[in-house]
Each structure stands twice: as structure tokens, then as C-alpha cells.
Amino acid sequence: MHLIWFRNDLRLTDNPAFSAAVNQANQDHCPLLALFVRCPQQDKKHHRAQSQCDFWDANMVDLINRLNQLNISAMIKTVPCYENLAQLMQVLLESHKIEKLFFNREYLVNEQKRDQAVIKVCEHNNVQSCIYEPAYLLPPQSVEKKNGGMYHVFTPYKRQFIEQLKADYATPLGMPEKVTRPYTHALDSEDIKSDWQHDWWPVGEPAARKLLSEFVEHARYQQQRDYPAVEGTSKLSPYLALGIISARQCLAQALKEQGESAFQSTWVSELIWREFYHDLIAFYPRLVKHQTFKEDAMDHWQHDERIVEAWKNGQTGFPIIDAGMRQLKQEHWMHNRVRMLVASFFTKLCLQDWRIGEQHFMQNLIDGDFASNNGGWQWSSATGCDAAPYFRIFNPTTQSKKFDENGDYIRRYVPELKDLPAKNIHEPSEQQRRDCGYPQPIIDYKQARGQALDWFKSG
DNA sequence: GTGTCCTTGTT
DNA sequence: ACAAGGACA
């Protein structure tokens with residue numbers, strides 16, 4: 001009997017390990033079992049948002065139903081941490097007489113360590129571990145500079161990336177056939193129920209595929225993506241983070257809709273940013289230890305609990321910032337433009353440690369992805385790869401007027417300001433704030449900007 | 001060496 | 001006009 005272990009690849013299509021496992025089972029005329037392991041303590045250590053854990057559970061339940069239709073039985077197990085996995089695996093391999101274990105590689109340090117330990121258990125038990133490359137656009141670490149080494153600047157990386165991608169991109173794998181030999185015995189599995197009911201994040205691979213095709217067909221991403229009041233972004237990030245759809249499927253859909261020009265599109269460029277940050281982690285594992293990418297970057301920050309709390313709770317007195325932070329709390333998601341604004345505000349204007357912001361995002365975002373989140377925060381705080389220079393400081397009010405001109409986004413998440421006219425809503429007067437019960441600004445922008453420039457310059 | 005360029009800006 | 005400095009070919 002063979003075993004397919006699902007992790008952050010909760011899909012049946014374009015899943016290399018899964019397709020291979022089904023083929024192998026049918027070739028060997030044996031059943032295939034699916035395994036899902038939950039590690040709540042590990043999730044805590046990684047600051048994984050509760051919303052993402054719940055969404056993972058919900059998608060697992062959905063996936064198991066569809067696995068059953070393919071004659072595949074599934075087991076759910078819970079252990080505290082990754083280090084408990086080897087022991088669990090030992091028991092499972094033995095009790096189910098597993099011959100081959102299939103899974104897709106993951107590139108983060110703890111995940112690699114976890115998998116190495118499991119591979120050892122396999123070897124010890126004479127079980128073959130069959131490991132596949134996850135369905136990135138290009139395999140990690142396959143894009144290098146002409147003289148070798150990882151790019152540290154996005155633009156040349158992207159140029160090279162597209163060149164290689166055009167020359168050789170993989171067509172997404174389809175859905176495998178049914179497994180011909182069902183497993184007929186009872187399985188010792190936990191019974192996890194899911195009561196996921198957020199309309200804006202429908203559960204399951206079919207729903208995700210539908211969101212993808214509708215987005216690619218109708219979106220005006222380039223024109224709309226910067227306006228947080230508009231549904232102009234794909235909102236596919238939670239699905240990408242848990243592998244409910246693959247990046248390759250996204251590209252394939254874009255190519256189908258737009259032809260070769262898709263390679264140059266803004267949205268595909270964002271997919272390449274994702275690969276850039278994932279590649280960086282693969283090349284520089286020290287990044288998972290929250291070290292700055294630039295070793296000599298300014299990295300000593302003020303620690304002001306009052307500011308941190310106001311920021312987290314959306315009480316800074318800057319409407320666009322507070323709208324973003326409250327959207328995060330309410331929807332476990334924040335519009336990308338606003339993510340940049342709140343991050344720039346936190347690090348460059350308030351001089352608070354980017355790691356605090358990074359962790360807060362991970363703890364709250366349904367789409368939390370270590371590499372993208374870390375890359376984004378280091379970009380914002382001028383400590384990272386190809387980062388915004390330290391003197392590039394977003395003016396929250398200017399940005400608000402530019403990208404939320406009518407104040408619709410602010411009104412949605414900061415209801416105490418909902419009756420203010422557009423010309424005041426970005427920067428209400430002292431009196432208006434008192435009347436609305438909205439805080440006075442926690443910092444003075446002009447003063448903070450000047451202070452930040454000095455602070456960064458002095459290193 | 002040497003020229004060109006650098007995600008999302010501000011005043 | 002301005003804000004540094006470094007990556008890349």
C-alpha cells in the first residue's frame with residue numbers, strides 16, 4: 001500500500017506527488033491512503049493565523065470528500081509539533097504496511113528538517129520516499145545570475161525568469177484517474193468537523209479554480225489593483241498559500257486568456273515576486289531567523305508599546321492606516337496597497353521594529369506566507385532585497401487621497417468617520433475627531449518624517 | 001572599469 | 001528636483 005501525505009498542497013489537480021502516487025498505486029494494483037497531519041503547537045510557534053488554520057481544516061475536509069470519490073481513504077492525525085512526526089510516521093508505516101510515501105517538497109527550514117526526519121524513518125523501515133518538486137512556475141533556485149548566484153534585484157531576476165519560463169514552462173497536471181483498488185478496512189482517523197462560513201473565502205479547490213478563471217476573464221488588474229475600495233485584486237492569495245491552487249495553474253489561465261502577452265502582465269509579475277521571495281528563502285535560509293537581508297541595514301528600532309498597540313488596533317488617528325488594520329482584524333486579509341502603507345507607517349514613521357509587524361501580519365492574515373510576508377516587511381523597512389530606499393516614506397494622507405479619493409474604503413472600516421465629507425475624511429480636524437470619537441494622530445507626520453530621515457541616516 | 005537602472009514616492 | 005548606493009551586464 002502507498003501513502004500520499006498532503007501538507008500545504010491541498011489540491012487534486014497539478015499536484016505532482018499526488019498524481020505520481022495514484023499512478024503508482026494503479027500500476028502496483030494496491031490501494032492509496034491519504035494522510036493529513038495537524039500540528040497546532042508548531043502552528044503557534046510559526047505564528048500561523050487561527051483563520052488560516054481553520055481554513056486549512058475546512059479545505060482538508062473538502063479535499064477528503066473528493067479523495068473518497070477517487071477511492072482514496074484519508075486519515076487525519078494531530079501531533080503537537082514537527083518533531084513528533086517521525087514517531088507518528090513510524091507507527092503509520094508499520095501498521096499499514098506502507099511501501100511508498102509520496103509528498104511534495106517544502107523549502108522552509110523547519111519543514112525541511114521535519115521531512116528529513118521522516119525520510120530517515122522511511123529508510124529505517126524500507127519504505128521508499130518519493131519526493132516531488134512543488135508546482136512553482138519554475139523550480140526553486142533555478143534562476144541564477146550569469147556568473148552564478150541569486151539575484152538581489154527583482155527586475156533582472158524577472159527578465160531572466162521570464163526568459164527561462166518561456167523556454168520551458170510546465171503545463172499543469174490534470175486530475176488523476178480513480179484508484180482502482182479501494183481500501184476497504186476501517187481507518188483510525190480523527191473526526192474533524194469544519195464550520196467555515198466566510199462567504200468571501202469559499203472553501204475548496206473547485207471554488208478556487210472558479211475564482212481564478214473569473215478573475216482572469218474579467219479583471220482589470222492593472223487599472224484597479226491600487227484602489228482598496230475596489231475589488232481589483234485576485235484575492236487568490238489564501239488559496240496559493242495553502243496550495244489549493246498552484247502558481248502554474250494561475251499562469252496557465254492567464255496564458256489561455258491573454259496569450260503570450262500574459263508573460264508581461266502586471267499580475268503575472270506579482271506571481272514572479274512570489275517566486276522571487278520564495279527563492280530568496282531557499283538561497284538564504286538565515287532569513288527564516290528574522291535576520292535582515294542587508295547585513296549592514298539600520299536595524300535598531302524604538303520600542304513604544306503605546307504605538308504598537310494603537311497600530312494593531314487601528315487607533316493611530318490616520319484614517320487610511322486604521323482602516324487597513326481594522327480590515328485585517330475583521331477579514332483576516334488586507335488590500336496590498338494598504339499593507340504597504342501600514343508597514344511604511346509602522347517602520348519608517350513610527351520607527352518600530354519590522355519584526356513586530358511581520359509577526360502581527362502572520363498572526364492575522366489568512367494568506368500568511370512566510371517568504372512573501374518577510375520579503376514585504378523587509379522591503380518596507382529598507383532592510384531587505386531591492387527594498388524601498390529609507391528616504392522613500394509614504395505620506396499616509398497623500399496616499400489616502402490618491403487611492404481612496406472618495407473615502408469609501410475608510411468609511412467601510414472606520415465607521416465613526418462615515419459621515420465626514422471626502423475632503424475631510426483623510427485628515428479630519430481636531431474638532432471633527434472629537435465629534436466622531438476618533439483619536440488624534442499618534443504622531444506628527446512632518447516631525448516623524450524628519451526624525452526618520454535622521455534616524456536612518458545615522459544608522 | 002563603466003554606464004544604466006532601480007515596484008508601488010514626496011515636496 | 002530630490003533622496004544614496006549598489007546591483008548587474
Side-chain angles (χ1 to χ4, degrees), chain A residues 143-164 220-230 232-234 237 263-280 283-284 292-299 318 320-321 324 334-349 371-405 409 426-427 443-459:
Chain A
V143 175
E144 294 199 346
K145 286 187 291 191
K146 288 274 188 298
N147 308 333
M150 170 66 190
Y151 284 98
H152 294 176
V153 177
F154 179 69
T155 307
Y157 173 86
K158 178 178 152 186
R159 190 178 306 130
Q160 179 65 21
F161 191 100
I162 290 175
E163 195 178 304
Q164 284 177 222
R220 292 164 52 221
Y221 184 76
Q222 165 89 45
Q223 299 91 316
Q224 297 186 325
R225 66 177 191 137
D226 278 321
Y227 301 94
V230 179
T233 64
S234 74
S237 50
F263 286 117
Q264 309 301 333
S265 76
T266 313
W267 187 57
V268 169
S269 185
E270 296 299 319
L271 292 174
I272 299 175
W273 267 99
R274 178 174 179 272
E275 309 250 334
F276 180 59
Y277 283 142
H278 282 241
D279 251 359
L280 274 173
F283 270 100
Y284 304 108
T292 54
F293 178 80
K294 288 184 189 164
E295 318 230 18
D296 59 343
M298 196 292 275
D299 199 34
F318 287 82
I320 191 76
I321 303 297
M334 198 194 305
H335 187 277
N336 175 252
R337 160 77 38 190
V338 188
R339 291 189 199 198
M340 291 191 292
L341 299 184
V342 303
S344 175
F345 179 84
F346 189 69
T347 57
K348 289 189 175 164
L349 288 174
S372 299
N373 190 49
N374 181 275
W377 274 96
Q378 295 219 42
W379 181 83
S380 293
S381 60
T383 63
C385 236
D386 205 6
Y390 72 85
F391 51 81
R392 183 170 296 159
I393 298 168
F394 285 99
N395 180 329
T397 310
T398 310
Q399 288 280 315
S400 185
K401 287 176 181 162
K402 196 165 168 189
F403 295 111
D404 190 30
E405 198 180 347
Y409 178 76
H426 308 286
E427 196 175 23
I443 53 157
D444 176 78
Y445 173 73
K446 263 196 145 157
Q447 187 264 324
R449 184 174 196 279
Q451 176 192 294
L453 288 173
D454 295 343
W455 184 269
F456 273 90
K457 226 179 290 184
S458 65

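A, B, ... follow the sequence lines: proteins, then strands. Residue 1 opens every chain. Just the heavy atoms: all of them, side chains too, but no hydrogens, waters or symmetry mates, feed the values below.
We find that CZ of A:Arg225 is positioned 10 Å from P of B:dT8, with the value rounded to whole Å. Look at OH on A:Tyr221: it is 14 Å from P on B:dT8, rounded to the nearest Å. Atom-to-atom, CG of A:Leu341 to C1' of B:dT10 comes out at 14 Å; the value is rounded to the nearest Å. Summarising the geometry, the separation between CD on A:Gln399 and C1' on B:dG9 is reported as 7 Å, rounded to the nearest angstrom.
Not a single donor-acceptor pair under 3.5 Å links the side chain of A:Ser344 to the backbone N or O of A:Met340. Under a 3.5 Å cut-off, the side chain of A:His335 and the backbone N or O of A:Arg225 do form a donor-acceptor pair. Without hydrogens or angle criteria, A:Arg339 side chain to A:Met334 main chain gives a donor-acceptor distance under 3.5 Å. A donor-acceptor contact shorter than 3.5 Å is absent between the side chain of A:His426 and the backbone of A:Pro396.
In this structure, A:His152 has its ring center under 6.0 Å from that of A:Tyr284.
Taking a pair as Watson-Crick or G-U wobble with both distances under 3.5 Å, DNA chain C forms stems of 3 or more consecutive pairs at B:2-6 with C:5-9.
When DNA chain C is scanned in the 5' to 3' direction for atoms under 4.0 Å from non-hydrogen atoms of chain A, the outermost contacting nucleotides are C:dA3 to C:dA9.
Using bins of under 30°, 30° to 60° and over 60° for the plane-to-plane angle, the ring pair A:Phe276/A:Trp273 lands in the perpendicular bin.
For the side-chain hydrogen bond (donor to acceptor under 3.5 Å, both in side chains) test, residues two or more places apart in sequence or in another chain that qualify with A:Thr383 are A:Gln378, A:Ser381.
Within 6.0 Å of the CD atom in A:Gln224, the count of heavy atoms belonging to other residues, nucleotides or ligands exceeds 12.
Contacts of A:Arg337 with the nucleic acid, taken as non-hydrogen atoms under 4.0 Å apart, include base atoms. At the heavy-atom level, A:Phe456 lies nowhere under 4.0 Å from the strands shown. Within 4.0 Å (heavy atoms only), A:Leu453 reaches no atom of the nucleic acid at all. At the heavy-atom level, A:Gln160 lies nowhere under 4.0 Å from the strands shown. At a threshold of 4.0 angstrom between heavy atoms, the contacts of A:Lys158 with the nucleic acid are absent.
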